[in-house]
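Here the structure is a predicted model, which is why all the values come from computation and not from measurement.
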Amino acid sequence: MEKTADKTIITVVGKDTVGIIARVCTYLAEAQINVLDISQTIVQGYFNMMMIADMSASAKPFGECSRDLERLGEEIGVSIKCQREEIFQKMHRI
């Protein structure tokens, strides 16, 4: 069972283009970050993806991965944000 501290919520939003999922998942695989769950939709040409990923096997710290993914998003024309699961849960608790 994964520790909550090792789980990260990754969101990807932007105009749909070929290869978004491939580029994001390639980065994650190379960084030894495991995708636990993924949801993706396209609405009127806009791409939206949310992933839950396990970073426990990654040698890269959370901050570095977050910055790398933000830069990757800029390269491919989407916004990529990472958030630790425990912070995400606290922010969305009502």
Side-chain angles (χ1 to χ4, degrees):
M1 184 170 148
E2 301 85 24
K3 296 184 303 185
T4 301
D6 293 334
K7 288 186 184 177
T8 301
I9 308 297
I10 301 170
T11 57
V12 182
V13 178
K15 191 161 171 59
D16 187 37
T17 58
V18 173
I20 296 171
I21 296 171
R23 294 284 302 273
V24 173
C25 288
T26 296
Y27 172 84
L28 296 176
E30 289 172 353
Q32 297 297 305
I33 298 170
N34 187 36
V35 175
L36 302 173
D37 200 355
I38 184 171
S39 173
Q40 169 255 292
T41 59
I42 299 169
V43 178
Q44 295 186 0
Y46 290 94
F47 179 88
N48 186 5
M49 178 169 66
M50 182 173 140
M51 307 169 99
I52 300 173
D54 176 11
M55 296 188 64
S56 63
S58 181
K60 291 186 175 189
F62 173 83
E64 182 179 347
C65 291
S66 181
R67 286 186 297 276
D68 288 350
L69 285 166
E70 278 191 41
R71 281 191 290 267
L72 174 63
E74 290 170 6
E75 287 176 24
I76 61 178
V78 297
S79 172
I80 303 177
K81 301 293 180 198
C82 297
Q83 198 168 29
R84 293 185 188 278
E85 183 186 45
E86 67 267 17
I87 294 171
F88 184 86
Q89 288 178 345
K90 288 177 182 172
M91 285 179 53
H92 293 90
R93 190 179 341 152
I94 295 178

Give the cluster check for Leu69 versus Ile21: same hydrophobic cluster or not, with ILVMFWY residues linked at side-chain heavy-atom distances below 4.5 Å.
yes
Look up atom OG in Ser39 and atom CG in Asn48, then write down how far apart they are to the nearest 0.5 Å.
7.5 Å
Please enumerate all residues that pass salt bridge (charged side-chain N to carboxylate O under 4.0 Å, His left out) together with Lys60, with sequence neighbours excluded.
Asp68
How long is the gap from OG on Ser56 to CD on Gln32, to the nearest 0.5 Å?
10.5 Å
Could you measure the distance from the OG atom of Ser79 to the CD atom of Glu74? Nearest 0.5 Å is fine.
9.0 Å
Identified side chain to side chain contact (heavy atoms under 4.5 Å, CB included) partner of Met49 from the options Val13, Ile80, Ile38:
Ile38
Looking at every heavy atom in both Ser58 and Ala31, which two are closest together, and how far apart are they?
OG-O, 2.7 Å
Interatomic distance, Asp54 atom CG to Leu28 atom CG [nearest 0.5 angstrom]
11.5 Å
If you compare all heavy atoms of Gln40 against all heavy atoms of Phe47, which two are closest, and at what distance to 0.1 Å?
CG-CE1, 3.4 Å
SG-CD distance between Cys65 and Glu70, expressed to the nearest 0.5 angstrom
12.0 Å
Can you tell me how far CD1 of Ile10 sits from NZ of Lys81, rounded to the nearest 0.5 angstrom?
13.0 Å
Under the criterion side chain to side chain contact (heavy atoms under 4.5 Å, CB included), I'd like the reasoning laid out for Val24 against Met51: C-alpha separation, chi angles, the key distance, then a yes or no.
CA-CA 10 Å; Val24 173; Met51 307 169 99; 4.0 Å; yes
Residues two or more places apart in sequence or in another chain: which of them pass side-chain contact (heavy atoms from CB on, under 4.5 Å) with Gln44?
none
